[in-house]
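One structure is given here, and the rest of the page talks about it.
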Amino acid sequence: MTPRRVLAALAILALTAVQAQANPEPWQLNMSPGVTETSRMVYDIHMLILWICVVIGVLVFGAMGYAILKFRKSKGAVPAKWSHNTTAEIIWTVIPVLILVGMAWPATNTLIHMADTDDAELTVKITGYQWLWRYEYVGTDVNFVSKLDRDSDRTRMLGSGLNPADVRTGDQNTYLLNVDNPLVLPTGTKVRFVITANDVIHAWWVPVLGWKQDAIPGFINEAWTRIDTPGTYRGQCAELCGKDHGFMPIVVEAVPREQFDAWLAQKDAEAKAAATAANVPATGDALAVVQ
Amino acid sequence: MATHAAHHDDHDHKPGFVDRWFFGTNHKDIGTLYLLFSLLMFFIGGSMALIIRAELFIPGMQIVNPEFFNQMTTVHALVMIFGAVMPAFVGLGNWMIPLMIGAPDMALPRMNNWSFWILPFAFLMLLSTLFMDGGGPAGGWTLYPPLSLQGGNSMPFVIFAIHMMGISSIMGAINIIATILNLRAPGMDLLKMPVFVWTWLITAFLLIAVMPVLAGAVTMLLTDKFFLTSFFNAAGGGDPVMYQHIFWFFGHPEVYIMILPAFGVVSEIIPTFARKPLFGYQAMVYATASIAFLSFIVWAHHMFTVGMPLGGELFFMYATMLIAIPTGVKVFNWVSTMWKGSMTFETPMLFALGFVVMFTIGGFSGLMLAIVPADFQYHDTYFVVAHFHYVLVTGAVFSIMAAAYYWLPKWTGVMYSETLGKWHFWLSTFFVNLLFFPQHFLGLAGMPRRIPDYNIAFSDFNMWSSIGGFGFGLSQLLFAWIVIKSARGHGPRATAQVWEGAKGLEWTVPSPAPHHTFTTPPVIDDRVLAHGDVTH
């Protein structure tokens, strides 16, 4: 291959890698840069500290490897007598301090960015239950639960005889990563989440959003996101919450703002109609509407 | 019992089997008991890990149901932490501290017997819960409420077992402090003690400080469940997050309780096989003390996702990052000790070198976990599982193996098979990395910890990890075989010195070490102390 073709191939590979990284992939080695500004900041910090650790590791293990090869008795090495070197000790105390400051700076900025939940255009309340999630769009009557899809649920039973590889949505394997009712969110909109739980502690985590947040009974935690690109983003409960902890996934369906507004208006109307019907003295008609 | 013991004060008396192993107060015998108990627990806890890895071998539920899977992760951790790693270090301390400081025994020998004999009963009780109605504890070893309060009848048994382990640890720690501060031979100044003794002294203070905190936390769980209190129940005005703060105030120093003695072991072994004094002895001691101090002010880095205020997150991030400084000093000092030495690579040295490399890898991932925004992604994933197994298995456990090979000839009087020992090291090192390194990738790709089943995307590395797990587990049978062979006296006779470069009082007594040593204090020759380095 010519260098140009190699470059082209690498570029395609890089592009597909970014595309494919929305959800976990076989042989995935690294964190996904995600689909929000926040998740990219987190990814950048992750890569920064990873590379700093790699460089320090190469230096330390390199020195150690050199010592192991060079200063061995079988090669006639004679042990030195010294056991101090104040200059070296000062250097390897001060330099790590500077490196740590270099890491703490971007980490602090990102953290301040993540903590700022002001000016959200939409608030969603998330409640964790054993073992499903409830989503409420604050200010509307839209309110539903989201739990593991039936295909995954059948397959995951002990001795079900079903093959997890057969649980698919489109061309993707969605075993244990699919739900009946996804959380629908608008793209390009700052969405604030208030997160709590009703029984035990859960944690709400969609990796491509760049954070997880514990859902704790008696506490209201806050977080926010602004999703750049439409898509289906999958995650899981991340805090041990009992026997079905591994079986309460999270699916976010990110759609363009107009589509979301239409969806929300329709769901709100349906919910209001259902609520009104429920308040009407029970007649056959009202029951039919509730159905 | 009292009259019984009174009859056996005579040193020349040869006690019978029961008297020696059940009622004995000799530090060497109790050290042996601790070490054998720890080995047994290592295999029991390891079997549980293999059940976990067998279920995770391929996606889908094949072997156990999720309830039992959660019991396995919970009890595996409790057994390994309180039954394998901590008693192993107490055993090493019991055997070696009196020998290293020229004391005839531990300062409080009867209490020593008691602190050991509590443990088998504590673990019998803990393990028996697995056979109870409703099974053993399944809420994770951290016992977070409200989940842990949902458990069945096992709860009070587990809490009582934890109380017993705590009492055992506190008594062991008191004994070690009393021994080191009171029974040093004349001339064994504090800053001339072997580093292993130093690290144990500091560890013992950590134990006394935090085991009562754990006892308090689990007692509050008990009263919440059975006596209608609401310490951690939000519906009754309590606070589930408060439990986590109290637990990790114990839990983080606990991490260093399991690693500081490992630092001590490695600081003994590397100078011996590099034939060069330990680089920066005083820096090592002060670094250990700094780590111990910092361990008290970093606990909330285990709970960055609970929703702390920004200021709290920043404080715990900065404090945690500081730990990298003294830990770095230690690693640099070990490498400098090797620099311009004259190294040989017997099994203890191999395990010590493996420790330095792989513990450092665990330290790197620890530094990454300290960075709060990144931790929001890493937290409660397999990345964390990989991290703490690198520091606990290739860290603490590798140092225990290194110590076992290093002092085995002193304990048994015979040399173990160097060929088998090297096989054990290389098999363990290969498989343990196959076991834990891919777990970094799994965590970064989005696999949460403590799940019994997973998406197809995670299947390849889980399979690698399971193969590594079984390989590592089976390799330890070789270790048991080597130890049993030596204990039965098979092998070439060991000299008193054992290792060419060994320095310290323990190498001045014959191998095997006689039942009673240093009944009269030894005359300290400064050149045999601190690996020949007394110039500081």
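To find a chain, count down the sequence lines: A is the first, B the second, and so on, and within it residues start at 1. Here the structure is a predicted model, which means the values were calculated and not measured.
- With a threshold of 4.5 angstrom between heavy atoms, A:Leu111 approaches chain B through its backbone and through its side chain.
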B:Trp334 vs A:Phe61, ring-ring contact (aromatic ring centres under 6.0 Å, His included): CA-CA, chis, key distance, verdict: CA-CA 11 Å; B:Trp334 289 322; A:Phe61 300 149; over 10 Å; no
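- With a 4.5 angstrom heavy-atom cutoff, A:Val78 touches chain B only via backbone atoms.
- Neither the backbone nor the side chain of A:Glu222 comes within less than 4.5 Å of any heavy atom in chain B.
- Between A:Phe71 and B:Trp339, the two ring planes are perpendicular [angle over 60°; tilted spans 30° to 60°].
- Most heavy-atom pairs under 4.5 Å with chain B, from the set A:Met103, A:His113, A:Arg234: that is A:Met103.
- Looking at A:Thr86, neither its backbone nor its side chain comes within 4.5 Å of chain B, counting heavy atoms on both sides.
- Between chain A and the residues B:Arg449, B:Met303, B:Gln62, B:Arg275, the largest count of heavy-atom pairs under 4.5 Å involves B:Arg275.
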CA sep, side-chain torsions, deciding dist, call: A:His46, B:Tyr378, side-chain hydrogen bond (donor to acceptor under 3.5 Å, both in side chains): CA-CA 10 Å; A:His46 160 72; B:Tyr378 308 141; 2.5 Å; yes
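- The stretch residues 47-55 of chain A places A:Ile49, A:Leu50, A:Cys53 near chain B, each with some heavy atom under 4.5 Å from a heavy atom of that chain.
- Taking A:Thr38, A:Thr155, A:Ile201, A:Val206 one by one and counting their heavy-atom pairs under 4.5 Å with chain B, the maximum is reached by A:Ile201.
- Between chain B and the residues A:Val167, A:Asn163, A:Val200, the most heavy-atom pairs under 4.5 angstrom are made by A:Val200.
- If you measure heavy-atom distances from A:Trp82 to chain B, the contacts under 4.5 Å come from both the backbone and the side chain.
- Both the backbone and the side chain of A:Gln213 have a heavy atom closer than 4.5 Å to some heavy atom of chain B.
- Residue A:Ile112 touches chain B through both its backbone and its side chain, counting heavy-atom pairs closer than 4.5 Å.
- Looking at B:Asn65, the atoms closer than 4.5 Å to chain A (heavy atoms on both sides) sit in the backbone and in the side chain alike.
- Proximity to chain B is absent for every atom of A:Met41, based on heavy atoms less than 4.5 angstrom apart.
- If you tally non-hydrogen atom pairs under 4.5 Å between each of A:Leu209, A:Leu158, A:Ile220 and chain B, the highest count goes to A:Leu158.
- Contacts with chain B were tallied for A:Ala63, A:Ala80, A:Gly246, A:Ser160; A:Ala80 has the most, counting heavy-atom pairs under 4.5 Å.
- At a 4.5 Å heavy-atom cutoff, the contact between B:Pro452 and chain A is made by side-chain atoms alone.
- Of all the listed residues (A:Asn173, A:Leu177, A:Thr93, A:Leu176), the one sharing the greatest number of non-hydrogen pairs under 4.5 Å with chain B is A:Asn173.
- Using a 4.5 Å heavy-atom cutoff, the side chains of A:Gln236 and B:Met447 are not in contact.
- The six-membered or imidazole ring of A:Trp27 lies near that of B:Phe461, with a centre-to-centre distance under 6.0 Å.
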